[in-house]
Each structure stands twice: as structure tokens, then as C-alpha cells.
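In this text the structure is predicted, and so the values were computed from the model without any measurement.
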Amino acid sequence: MLRIDHCKPGSWGSFWAILTLVGLATRAAQRADMGGEAAATSINHSQVLLQRMQELLRQGNASDVTLRVQAAGTDEVRVFHAHRLLLGLHSELFQELLSNQSEVVLQEPRDCAAVFDKFIRYLYCGELVVLLAQAIPLHRLATKYGVSSLQRGVADYMRAHLAGGAGPAVGWYHYAVSTGDEALRESCLQFLAWNLSAVAGSAEWGAVSPELLAALLPRSDLVLQDELELFQALEAWLGRLVVTPASSGGDAAGVSFQKTVLVGARQQGRLLVRHTYSFHQSSEEAGDFLAHADLQRRNSEFLVENALHLHLIVKPVYHTLIRTGK
């Protein structure tokens, strides 16, 4: 959780302390006028102003616009009584929407509608508390309405939590790609590469897109226990794939399957890949592909504790679409 604060309010004491400050400042100014000497005292009541802005938003005093925020796909509507001037100061889109009407209906995704109160509060107070699950919807709202300071603040929050290992890197990577945020995309990619062993064993691994996997695999900074762990992670990722057989139509793309068989071996207490066999078509797979292997000897390189360890990886290969003449 992080508080994004762009107000930086100062602290103040009791009512009498404030009066004392005002009196000191007045006497200092009088002495400066009388003696011709430069003197300055800073008076900071920004905390009081912040509290009044919060009250203004909560009570809707003197509001001149109404925002009706509807969550997409539901009948749920949240109503906010706001002030045209304050919204327009932060957002050109709000300024345009509210230029000639006092009530607008805003259609927002459910997650964005759920945090719209925090978004509006930021426009009034310049601060909000961000949770991990709220980062993307708040960033979406800031981007949509052109509130650049909040957009930067949430992006900084996401990058900081990736560095601390707390952020959902896969989801944030896909979001960064969709919004064109190159700095966030690279931060997510680096985190995934340096923590691939942990990510591959988490629920996030199932959400990795083929594009993200293609960006990860060529990197030279992947952190894993060994190559076998990477093979197992890829096998688990491939087992999500649903392959639709090619149709018999003339415009259909063909699909074949590439099978890879990994034969394990144990060396110094670790399970390693000793042999790899690939078959590009089912008809090419011979039942005796291990005919040359000596499986009778107890110390055979193909056996691990008198057993044959095989890992099978099946991957679809999509062929180029071929159009036939009519």
C-alpha cells in the first residue's frame, strides 16, 4: 500500500498557536516597514485547506455538476456531486464534458468504477492510498481523463513494487504493452526474467501470453535452477493450450504436432536432461527410438534409480494459410 501525496501539507498546532504566528508575522512586517529591513515569516495553513476541500467533496456544498458513474454491464450507478472548476483544472476532458451541461453519465469498467471515489478525491486533495489491485484501474482513469500527475504516481508505484517483488508482474506487463508504457514493460520483463523460477510455479504462469513467452525465452539473464526446470515450466504452459483441428475447407490453415521426448539422468544428485528426441509428425515416431539404449545395465546412463525418466512435450505447429482457387 502506498500513499500518493502531491499536496505536501504542513503541520499546525492549536488555535492559539496559529493566532500567535499571525501576530508575529504582522509585527515582523510592521518592523520591516518601519525599519526598512527585509524580514519574512512563512505562514502555512495548507492542512486546514486540505480538510476544507475534503469537506467540500464529502458534503457537496455549492456543487454545480453531478457525475453518474455506471459500472459496465451492471445497473450499479455511483453519484458524485462535484465542482466544475476543480475538475476542469485537472482534466481537459472534464472541462469539455462539463462545458455546457451540469450532469453527465460516465460508463466505466467495473474495476474503474469501484475506485472512482479515490480518483475524484485525488482531484480535490492531491493524495490517495493505492493498493496492488487498484493500480491498473487508477492508472486507466488517470490516462483516460488526462491527469498526468496521478498517471506518473501510479506508474512509479507499480515499478517500485516490482522491485520489491510484490507486484503482479504478468498482468502489469500485459497492461504496459496495451498502453505503450515502455518503462513499465521493461521493468516487468526484467522482474520476470530474474524471478522466473518463482513465477513459473505461481498462478501467474498460466496468464503468460505467447508474446510475453517469446520475449522472455531469448534473454540471457533468466534465473532458474537448471534447464530441466525451464522444460517443465514450458510443458506446464503448453498444457493450457486448446488446439482446434484444421478444417477441411480450402482456406483453413493446417496444424501438425511437434513432440519432444526428454530422457533424464542423475548426476551428482541432480536430475538432468541426457538425451532429447524430436518427432515432427506422429507417423515419424518409431516405437523403437530407444532401441540403442542399454536399459539392462543397472548403471545405464538412461536409467535413474533403475527407472526410465521421460518427459513428453507436445507443441502445435501452425502452417501458413493456403488459399485454393475457386
Side-chain angles (χ1 to χ4, degrees), residues 1-2 4 111 130-140 142-143 151-243 257-276 278 309 311-318:
M1 182 175 71
L2 177 72
I4 295 180
D111 57 348
V130 187
L131 302 176
L132 287 175
Q134 299 170 341
I136 286 181
L138 283 170
H139 195 275
R140 279 190 182 135
T143 303
Q151 196 174 357
R152 289 192 302 269
V154 176
D156 290 343
Y157 163 84
M158 295 167 83
R159 286 192 290 271
H161 277 71
L162 280 173
V170 174
W172 287 358
Y173 173 88
H174 294 142
Y175 176 73
V177 171
S178 68
T179 58
D181 191 327
E182 186 61 26
L184 179 58
R185 187 196 74 87
E186 184 55 36
S187 295
C188 293
L189 197 58
Q190 184 181 79
F191 173 84
L192 290 168
W194 291 0
N195 299 273
L196 189 56
S197 185
V199 174
S202 71
E204 274 205 289
W205 186 243
V208 170
S209 66
E211 294 76 16
L212 173 53
L213 195 62
L216 272 174
L217 292 182
R219 293 178 66 108
S220 60
D221 57 348
L222 300 181
V223 178
L224 291 153
Q225 294 181 12
D226 49 42
E227 291 182 351
L228 182 59
E229 185 181 19
L230 180 58
F231 277 119
Q232 291 171 336
L234 290 175
E235 185 180 17
W237 183 85
L238 286 169
R240 285 189 308 101
L241 293 181
V242 178
V243 180
F257 295 91
Q258 176 179 330
K259 298 186 214 177
T260 303
V261 180
L262 308 177
V263 181
R266 191 174 297 280
Q267 182 177 349
Q268 296 180 349
R270 299 178 63 192
L271 190 61
L272 305 175
V273 176
R274 176 58 58 86
H275 299 281
T276 303
S278 294
H309 282 240
H311 293 269
L312 179 64
I313 300 175
V314 180
K315 162 173 94 167
V317 178
Y318 298 91

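Enclosure of atom CD in E227 is not indicated, since only 12 or fewer non-hydrogen atoms of other residues, nucleotides or ligands lie within 6.0 angstrom. By the neighbour-count criterion of 12 heavy atoms within 6.0 Å, atom CH2 of W194 is sparsely surrounded, having that number or fewer from other residues, nucleotides or ligands.
Taking the ring pair (Phe, Tyr, Trp, His ring centres under 6.0 Å) definition, one finds that Y175 meets it with H139, sequence neighbours left out.
Between the CG atom in L189 and the CG atom in L184 there is a gap of 11.0 Å [rounded to 0.5 Å]. One finds the OG atom of S202 at 10.0 Å from the CG atom of N195 (value rounded to the nearest 0.5 Å). The line from CG of L138 to OG1 of T143 is 10.5 Å long, rounded to the nearest 0.5 Å.
Between L196 and the options L217, V223, L216, D221, a side-chain contact (heavy atoms from CB on, under 4.5 Å) holds for only L216.
Of the possible polar contacts, one joining the Y157 side chain to the L132 backbone as a donor-acceptor pair under 3.5 Å is found. Listed for the W172 side chain is no donor-acceptor partner under 3.5 Å among the backbone atoms of M158. For the pair E204 (side chain) and V170 (backbone), a donor-acceptor distance under 3.5 Å is present.
Scanning both residues, H174 and S209, for their nearest heavy atoms gives NE2-OG, 3.0 Å. Shown here for F191 and L162, the closest heavy-atom pair between the two residues is CD1-O, 3.2 Å. Here the shortest heavy-atom pairing between A215 and Y173 reads CB-OH, 4.1 Å. Of all non-hydrogen atoms in A176 and R185, the two that sit nearest each other are CB-N, 3.5 Å.
Using a 4.5 Å heavy-atom cutoff, the side chains of L212 and L192 are in contact. E211 has its side chain out of reach of V177: every pair of non-hydrogen atoms, C-beta onward, lies at least 4.5 Å apart.
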- Message: Pair D226, F231 - check side chain to side chain contact (heavy atoms under 4.5 Å, CB included), show working.
- Response: CA-CA 9 Å; D226 49 42; F231 277 119; over 6 Å; no

